[in-house]
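Below is one structure; the comments refer to it alone.
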Amino acid sequence: MQISIPAETTGGQTRVAATPETVKKPLLIGVPKETAPGEKRVATVPEVVEKLVKLGFSVAVQSGAGDAANCDDDSYRAVGAQVIDGAAQLFAASDMVFKIGVPTPEEVGLMHAGQTLITFIWPAQNPELMKQLADKKVTVLAIDSLPRTLSRAQKMDALTSQAGVAGYRAVIEAANAFGRFFNGQITAAGKVPPAKVFIAGAGVAGLAAIGTAASLGAIVRANDTRAEVADQVVSLGGEFVKVDYEEEGSGGGGYAKVMSEGFQQAQREMYAKQAREVDIIITTALIPGKPAPRLITADMVKTMKPGSVIVDMAAERGGNCELTEPGQAVVKHGVTIVGYTDLASRLAKQSSTLYATNLFRVAEELCKTKDGVINVNMEDEAIRGLTVVKEGSITWPPPPVKAPPIAAKPAAMPAKAPKHGASSAPASGKSTAITFLIAALMFWFVGAFAPPAFLGHFTVFVLAVFVGYMVVWNVTPALHTPLMSVTNAISSIIAIGALVQIAPPLMAQAAGNRPEGWILGFAVLAIALTAVNMFGGFAVTQRMLQMFRK
């Protein structure tokens with residue numbers, strides 16, 4: 001007897017429903033030890049291994065892979081991971097490999113057909129590596145090729161997470177090489193001025209450096225070719241230094257673009273001025289697929305004050321400073337030039353945790369069924385952008401990401417035609433005149449027949465209503481929450497007035513006379529409502545202030 005197996009179509013691919021004969025074995029994720037010199041990071045950490053196991057995967061880690069990131073073998077075993085000795089055994093047993101560094105020819109040789117690799121690849125700079133991986137019939141997801149313009153891809157964006165760590169560490173390295181305090185101090189031994197820091201490039205790494213330097217008390221200045229980041233620089237406590245040249249510098253995917261020669265000349269003049277004034281320069285400028293632009297020349301370095309520091313975060317791609325030596329910290333013309341290429345690795349535990357979380361989010365997208373079986377869906381824009389090799393076929397570069405559709409503006413409502421025999425302008429003037437006439441008659445009636453004592457209170461009431469309208473209703477709704485502080489003061493005046501109204505009836509009752517009950521009732525009601533308004537206003541104002549506190 002034949003058994004028919006139902007099938008379902010998902011993401012453009014046919015997926016056979018699970019039966020005892022068709023159930024696939026959950027994939028084993030292998031995490032090898034990084035082989036790049038000085039690399040201390042690891043592609044996953046014990047905290048993330050637990051989440052991968054819940055997705056249905058098995059995890060194996062090469063022995064010693066996490067030692068430099070404070071993740072020993074026992075910590076991996078405690079969360080259910082296997083620990084395997086040797087890279088050859090790990091690659092042979094793994095269905096999917098998580099890495100950080102670009103795979104070496106030796107590591108590519110250990111891979112087998114049908115395997116999936118997730119790591120940094122930089123396909124534009126490594127065409128020969130791409131060919132080697134394709135020859136191995138593997139599937140490769142390059143974490144550096146993620147379409148960063150997709151909002152839902154932010155959780156997988158390892159470039160951003162690692163750049164943030166590197167920007168923070170760049171300031172720490174600058175502080176280590178700098179011979180003075182960052183923050184200004186006044187001591188018995190004299191006054192210490194704050195350090196002046198200039199940051200070239202306000203991308204993710206630059207913004208992280210701005211926030212760190214400002215929190216240490218330095219005077220921070222920053223520049224970027226993209227004018228839209230100026231507000232972000234200011235919000236982090238920095239000053240945006242504008243180039244005296246009008247040109248838009250935004251490129252595709254959130255990166256900067258190559259600027260015109262006129263802009264570059266004006267930019268060099270601005271950098272030369274900053275080099276003479278500041279104590280520390282941190283450069284972060286990179287353009288995808290191109291060498292790092294030269295921003296700081298040797299002549300600029302010569303004009304810097306002795307003891308100044310330059311941290312070149314673009315050293316791995318040639319450097320933004322003309323005198324940078326990649327991987328080294330050197331002193332030239334009295335200026336320390338730090339060209340370390342492993343800034344993120346110098347905070348191995350933190351950067352490994354963030355990177356492992358990024359890869360876990362990728363695994364979530366690949367295994368939405370949570371059964372340990374992945375589906376590389378090429379119809380998903382994020383997965384398609386990541387995939388540079390699919391089962392031995394090179395699929396890089398991906399097609400451009402589709403821009404979100406622009407919502408059509410709603411059609412304007414046709415104006416209503418005025419009724420036959422009447423126009424809107426005369427009707428509006430007529431109604432206003434009638435309103436004023438009725439109000440005048442009411443005021444005349446009150447003035448003619450009300451007792452003199454009531455007339456004075458009524459005048460105060462009318463003025464209070466007018467002032468209240470001007471204070472509250474004339475203010476834009478966006479400012480109503482800050483206005484709570486002002487209305488609390490007005491409410492306290494109302495409370496005092498109510499207390500004044502309560503006193504005479506109570507004194508009359510003490511003297512044996514019958515008090516006016518309706519006055520007492522209204523006064524008590526006024527105090528109760530005012531108390532609610534005052535306490536509510538203070539509560540709302542306090543919540544508003546909490547939003548601006550760290």
Worksheet item: What's the verdict on side chain to side chain contact (heavy atoms under 4.5 Å, CB included) for V49 and V59, showing C-alpha distance, side-chain angles and the deciding distance?
Response: CA-CA 7 Å; V49 169; V59 181; 4.1 Å; yes
Worksheet item: Taking it one step at a time, do K54 and E50 satisfy salt bridge (charged side-chain N to carboxylate O under 4.0 Å, His left out)?
Response: CA-CA 6 Å; K54 290 179 181 178; E50 292 182 283; over 6 Å; no
Item to complete: Evaluate the criterion side chain to side chain contact (heavy atoms under 4.5 Å, CB included) for residue pair V197 and I219; output intermediate values, then yes/no.
Response: CA-CA 6 Å; V197 180; I219 297 174; over 6 Å; no
Practice prompt. Carefully, step by step, assess V53 and V79 under the rule side chain to side chain contact (heavy atoms under 4.5 Å, CB included).
Written response: CA-CA 9 Å; V53 171; V79 293; over 6 Å; no
Discussion item. For W396 and V140: C-alpha separation, side-chain torsions, deciding distance, then whether side chain to side chain contact (heavy atoms under 4.5 Å, CB included) applies.
Written reply: CA-CA 10 Å; W396 187 88; V140 182; over 6 Å; no
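Partners of F198 according to the ring pair (Phe, Tyr, Trp, His ring centres under 6.0 Å) rule, which considers only residues two or more places apart in sequence or in another chain, are Y271.
In terms of heavy atoms, P293 sits closest to A285 at CD-O, 3.6 Å. Heavy atoms only, all atoms of each residue included: A153 and P147 are closest at CB-O, 3.6 Å. Summarising the geometry of G339 relative to T324, their closest heavy-atom pair is CA-CG2, 4.0 Å, with the distance given to 0.1 Å. Contact record, A134 with I394: CB-CG1, 3.8 Å, taken as the closest heavy-atom pair. Of all heavy-atom pairs between G372 and C367, the closest is N-SG, 3.4 Å. Minimum heavy-atom separation, A202 to V233: CB-CG2, 3.9 Å.
Here the OG1-OH distance, from T44 to Y355, works out to 10.0 Å after rounding to the nearest 0.5 Å. Rounding to the nearest 0.5 Å places NZ of K273 at 13.5 Å from CE of M300. Between the CZ atom in R221 and the CD1 atom in I280 there is a gap of 12.5 Å [rounded to 0.5 Å]. Here the straight-line distance linking atom NZ of K40 with atom CZ of R346 works out to 7.0 Å at 0.5 Å rounding. Taking CD1 of I172 as the start and CG of L343 as the end, the distance is 11.0 Å to the nearest 0.5 Å. Separating the CG atom in D312 from the CD1 atom in I281 is a distance of 10.5 Å, to the nearest 0.5 Å.
The backbone N or O of T387 sits less than 3.5 Å from a side-chain atom of T395, completing a donor-acceptor pair. Remark: the backbone N or O of A344 is paired with a side-chain donor or acceptor of S351 at under 3.5 angstrom. Side chain of N320 to backbone of I296: no donor-acceptor contact under 3.5 angstrom is found. With hydrogens and angles ignored, the 3.5 Å screen pairs a side-chain donor or acceptor of T284 with a backbone N or O of A200. The backbone N or O of S63 lies less than 3.5 Å from no partner atom in the side chain of D73, so there is not a single donor-acceptor pair. Although no hydrogens or angles enter the test, the distance criterion places no donor-acceptor pair under 3.5 Å between the side chain of Q232 and the main chain of V229.
Contact of the E106 side chain with the T35 side chain is not registered, since no non-hydrogen atoms from C-beta on lie closer than 4.5 Å. Residues P398 and L386 have side chains not in contact (no heavy-atom distance under 4.5 Å, counting atoms from C-beta outward). By the 4.5 Å heavy-atom criterion applied to side chains, D279 and R180 are counted as neighbours. Side chains of L207 and I210 form a contact here, defined as non-hydrogen atoms less than 4.5 Å apart. Looking at heavy atoms from C-beta onward, D380 lies in side-chain contact with R152 at the 4.5 angstrom threshold. D67 is listed as a side-chain neighbour of D72, based on a closest heavy-atom distance under 4.5 Å. Counting heavy atoms from C-beta on, the side chains of K390 and T139 come closer than 4.5 Å. Inter-residue side-chain proximity for C71 and S352 is flagged as unmet; no heavy-atom pair is nearer than 4.5 Å.
The neighbour count for D231 CG, taken as heavy atoms of other residues, nucleotides or ligands under 6.0 Å away, does not exceed 12. The environment of NZ in K242 is crowded: more than 12 heavy-atom neighbours from other residues, nucleotides or ligands sit within 6.0 Å. Enclosure of atom OH in Y168 is not indicated, since only 12 or fewer non-hydrogen atoms of other residues, nucleotides or ligands lie within 6.0 angstrom.
Side chain to side chain, S345 and E39 meet the donor-acceptor criterion of an N or O pair below 3.5 Å.
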I'd like a table of donor-acceptor pairs (distance under 3.5 Å, sequence neighbours excluded) in which one partner is a side-chain atom from residues 89-103, with atom names and distances.
unit_1 : atom_1 : unit_2 : atom_2 : d
S94    : OG     : L90    : O      : 2.6
D95    : OD2    : L28    : N      : 2.9
K99    : NZ     : E34    : OE1    : 3.1
K99    : NZ     : E107   : OE1    : 3.4
K99    : NZ     : E107   : OE2    : 3.4

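Between F178 and F182, the angle of the ring planes goes over 60°, which puts this pair in the perpendicular group of the 30/60° scheme.
A salt bridge links E47 and K349; the closest N-O separation between the charged side-chain nitrogens and carboxylate oxygens is under 4.0 Å. Contact check on R361 versus E365 returns no salt bridge, with no Lys/Arg side-chain nitrogen under 4.0 Å from an Asp/Glu carboxylate oxygen. Under the 4.0 Å criterion applied to side-chain N and carboxylate O atoms, E261 and R268 are assigned as salt-bridge partners. Salt bridge absent: E128 and K131 never bring a charged side-chain N and a carboxylate O closer than 4.0 Å.
Here the options are L359, T119, L366, the test is side chain to side chain contact (heavy atoms under 4.5 Å, CB included), and the partner is L141; only L366 passes.
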